[in-house]
Amino acid sequence: MSKGVTPQSKNFSAWYNDVVKKADLAEHGPVKGTMVIKPYGFALWDNIKYALDSMIKESGHVNAYFPLFIPKSFLAQEAKHVEGFAKECAVVTHTRLKAVNGDMVVDPESKLEEEVIVRPTSETVIWAMYKKWIQSYRDLPLLINQWANVVRWEMRTRLFLRTTEFLWQEGHTAHATAKEAEEETVTILEIYRRLAEEFLAIPVLTGQKTEIEKFAGAEHTYSIEAMMKDKRALQSGTSHNLGQNFAKAFNVTFQNKDNKEEMVYATSWGVSTRIIGAVIMAHGDDKGLRLPPKVAPHQVVVIPISRNDEQKKVIKKYLNPILDKLKNNSVRVNVDWREESPGFKFNDWEMKGVPIRMEIGPRDIENNQVVLARRDTGEKSTVQANDIADTIAKMLIDIHDNLFAEATDFMKNNTNEIDSYDEFKKIINDGGFIRCGWDGTSETELKIKEETGATTRVIPFDENPKGLKCIYTGKPAKHEVIFAKAY
RNA sequence: CGGGGUGUAGCGCAGCCCGGUUAGCGCACCUGCUUUGGGAGCAGGGGGUCGGAGGUUCGAAUCCUCUCACCCCGACCA
């Protein structure tokens, strides 16, 4: 294997692929577009999952699990929803194989009466079940989340960002009123924002999607959008207000306090393994990953430097109380005892983005100290043994803050408020976000997309369209909107 | 679905144009010794139905035909 990765400046997408593989996060599976998430990548996902799952539970939701297979007819119940997903559904048509002349072939006799699809998302199965579970206003709200895999047979795939099968959580809630459903949608978006900013150190824009960009089957969609280091946008979490669309499709009604029958209001929302792509591309550099400390599989990696077995024993003894202290502080620490040179290990763990490296050699033991190196800045410092636990606790917070600040500056510096379409085209071509007026029509949006490749990302919550003109038509702006090229 | 590319050892590749004993190289792996504060060195060693099927030929990784798969770039999408 060659050393290092393609520099970001040379070819960002090659850099991305190199980092995913060399940091040992994932590799391609044997079927087109599939991905094997390797232990290091999965440990990262586990930590993200734990953080998000905790917030979902704290906000009153419970986890459940619904089936992978969905009757084909279910998808057809909600017209817009079918339109959105029909083109990319894996369909199960038979239930067994048989051996013919040493080859395995599909047994034609096992053809299914009703074909089954592999879920591209679970609204339809879940609403078929909710119909059974909801009769009264007393059954509401129903606040369920599931962690699952889904399959979307996309034309073009990329590790983590768009894979044929991916992991995610999908929340599906049912409410008695439109107001409650709307509050839920916003509550969840706030959880997603906190996940991105407080755990992953990725600043995000929050806001509403346009008609064109919203989820198939939703009344409206909110999303968090992050800027990657190539200045493109990555939609990193979405929260949909489904109105009564699915209740109508599956005829889910309840009796209210006044003994009247009403349709249920719904939401759905999801964050997927795609967010790992955001972590990679929001923070990574030419040495590899730079992981945010709160979700890094190892927050500290210890590199013992010894010349012989005798020294190894001394280091081990010196290290034990330090490790105990760190573990008592819930610091995730990993000691790399592999038979490799220190230089090799330095590079390896830098590629893997471990926030802090601790070097311990004879020199340190002599002076009752350790050497700490920060992955975010590259700074090295010497710390007295007694201060290690405190210093590391502070340093981890500081690394998080620094990553967040860097990413925030980057996004700010590459977000342009402009009012000329010529400028728009130029900026989109160079990369970056544009905040500008928009007349609110799909026609304008589509024309801009066609001419520049940019799409609307969100109508930000803090928009102020008063006095603005549409960047394209010059008409009075209905909304202020963010345009960017997106993943 | 269009365009480009690649299938040869675990990984990355050369060999193919111009067919010819035993198919090479780097990394990784195994053994031993010396090493270890920024990708260690030396010596020895193991590992291959050259993506698949057919054909041409005395002889095919190499030429011909068909086929399969994956990757990258676009359009579609989270």
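A, B, ... follow the sequence lines: proteins, then strands. Residue 1 opens every chain.
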*For B/rG51 versus B/rU62, give the span between their C1' atoms, rounded off to a whole number of Å.*
16 Å
*Distance in angstrom units between A/Phe85 CZ and B/rC76 P, rounded*: 16 Å
_Partner lookup for B/rC70, please. Criteria are Watson-Crick or G-U wobble with both distances under 3.5 angstrom; report none if nothing qualifies._
B/rG5
*Tell me whether the OP1 or OP2 atom of B/rG37 has a side-chain N or O from A/Arg363 closer than 4.0 Å.*
no
*Could you check which nucleotide pairs with B/rA60 in any of the strands shown, counting Watson-Crick or G-U wobble with both distances under 3.5 Å?*
none
*Could you measure between the two P atoms, the one in B/rC63 and the one in B/rG5, and give it in whole Å?*
16 Å
*Rounding to the closest angstrom, what is the interatomic distance between B/rG32 and B/rG48 at atom C1'?*
27 Å
*Is there a Watson-Crick or G-U wobble partner for B/rG19 with both distances under 3.5 Å, and if so, which one is it?*
none
*Hey, does A/Lys287 reach any base, or is it just sugar-phosphate, or nothing, if we go heavy atoms under 4.0 Å?*
nothing
*Please state whether the rings of A/Phe166 and A/Trp168 are parallel, tilted or perpendicular, taking 30° and 60° as the class boundaries.*
perpendicular
*Determine which nucleotide pairs with B/rC25, using a 3.5 Å limit on both distances of a Watson-Crick or G-U wobble pair.*
B/rG12
_Under 4.0 Å, heavy atoms only, any strand: does A/Gln235 hit a base, just the sugar-phosphate, or nothing?_
sugar-phosphate
*Check whether any side-chain nitrogen or oxygen of A/Asn17 sits under 4.0 Å from OP1 or OP2 of B/rC71, and answer yes or no.*
no
_From C-beta outward on A/Arg156, which listed nucleotide comes closest to its side chain: B/rC70, B/rC72, B/rG37?_
B/rC72
*Note, A/Ser268 side chain near A/Glu170 side chain (heavy atom, < 4.5 Å)*: no
*asked:* Does A/Phe166 reach a base, just sugar-phosphate, or nothing at all? Heavy atoms under 4.0 Å.
replied: base
*Would A/Glu339 and A/Lys312 pass as an ion pair if we require N to O under 4.0 Å?*
yes
*Separation between the P atoms of B/rG54 and B/rC17, rounded to whole Å*: 22 Å
*asked:* Between the base of B/rG38 and the side chain of A/Arg357, is one N or O donor paired with an acceptor at under 3.5 angstrom?
replied: yes
*B/rC70 and B/rC30, which share atom name P, separated by this distance in whole Å*: 33 Å
*asked:* On the nucleotide B/rC76, are OP1 or OP2 found under 4.0 Å from the side-chain N or O atoms that A/Lys449 carries?
replied: yes
*Nearest-neighbour nucleotide for the A/Glu339 side chain, B/rC76, B/rU35, B/rA78 considered*: B/rU35
*Protein-nucleotide distance (A/Asn11, atom CG; B/rC72, atom P), rounded to Å*: 11 Å
*asked:* So A/Ser223, base contact, sugar-phosphate only, or nothing? Heavy-atom distance under 4.0 Å.
replied: nothing
*Which part of the nucleic acid, if any, lies within contact of A/Val31, taking any heavy atom under 4.0 Å across all strands shown: a base, the sugar-phosphate backbone alone, or nothing?*
sugar-phosphate
*Could you let me know what B/rG44 is paired to, Watson-Crick or G-U wobble, both distances under 3.5 Å, or none if it's on its own?*
B/rC30
*What is the distance, rounded to the nearest whole Å, between atom NZ of A/Lys22 and atom P of B/rG39?*
17 Å
*asked:* Could you tell me how far B/rU6 sits from B/rC16 if I compare only their C1' atoms? Round to whole Å.
replied: 15 Å
*asked:* Do A/Leu195 and A/Met55 have side chains that approach each other closer than 4.5 Å (heavy atoms only, starting at C-beta)?
replied: yes
*asked:* Is it the case that the base of B/rG37 and the side chain of A/Asp364 share a donor-acceptor contact (distance under 3.5 Å, atom types as modelled)?
replied: yes
*Give A/Thr382 one of three labels, base, sugar-phosphate or nothing, depending on what nucleic acid heavy atoms sit under 4.0 Å from its own.*
nothing
*Under 3.5 Å, side chain of A/Gln299 to main-chain N/O of A/Pro293, donor-acceptor pair present?*
yes
*Provide the distance between the two C1' atoms, one in B/rA60 and one in B/rU49, to the nearest whole Å.*
14 Å
_Heavy atoms from other residues, nucleotides or ligands near CH2 of A/Trp147 exceed 12 (cutoff 6.0 Å)_ = yes
*asked:* Please classify the nucleic acid contact of A/Ile303 as base, sugar-phosphate, or nothing, using heavy-atom distances under 4.0 Å.
replied: nothing
*Would you say A/His28 and A/Thr34 make side-chain contact, with heavy atoms under 4.5 Å?*
no
*Rounded off to whole Å, could you give me the CG-to-P distance for the A/Leu446 and B/rC76 pair?*
10 Å
*Which sits closer to the 5' end of RNA chain B, A/Glu350 or A/Gly453, going by the nucleotide each is nearest to?*
A/Glu350
*In whole Å, what separates the P atom of B/rC13 from that of B/rG7?*
8 Å
*Which residue lies toward the 5' end of RNA chain B, A/Asp348 or A/Tyr487, if each is placed at its nearest nucleotide?*
A/Asp348
*Between A/Tyr130 and A/Phe66, how do the two ring planes meet: parallel, tilted or perpendicular, split at 30° and 60°?*
perpendicular
*Can a side chain N or O of A/Ser341 be found less than 4.0 Å away from OP1 or OP2 on B/rU36?*
no
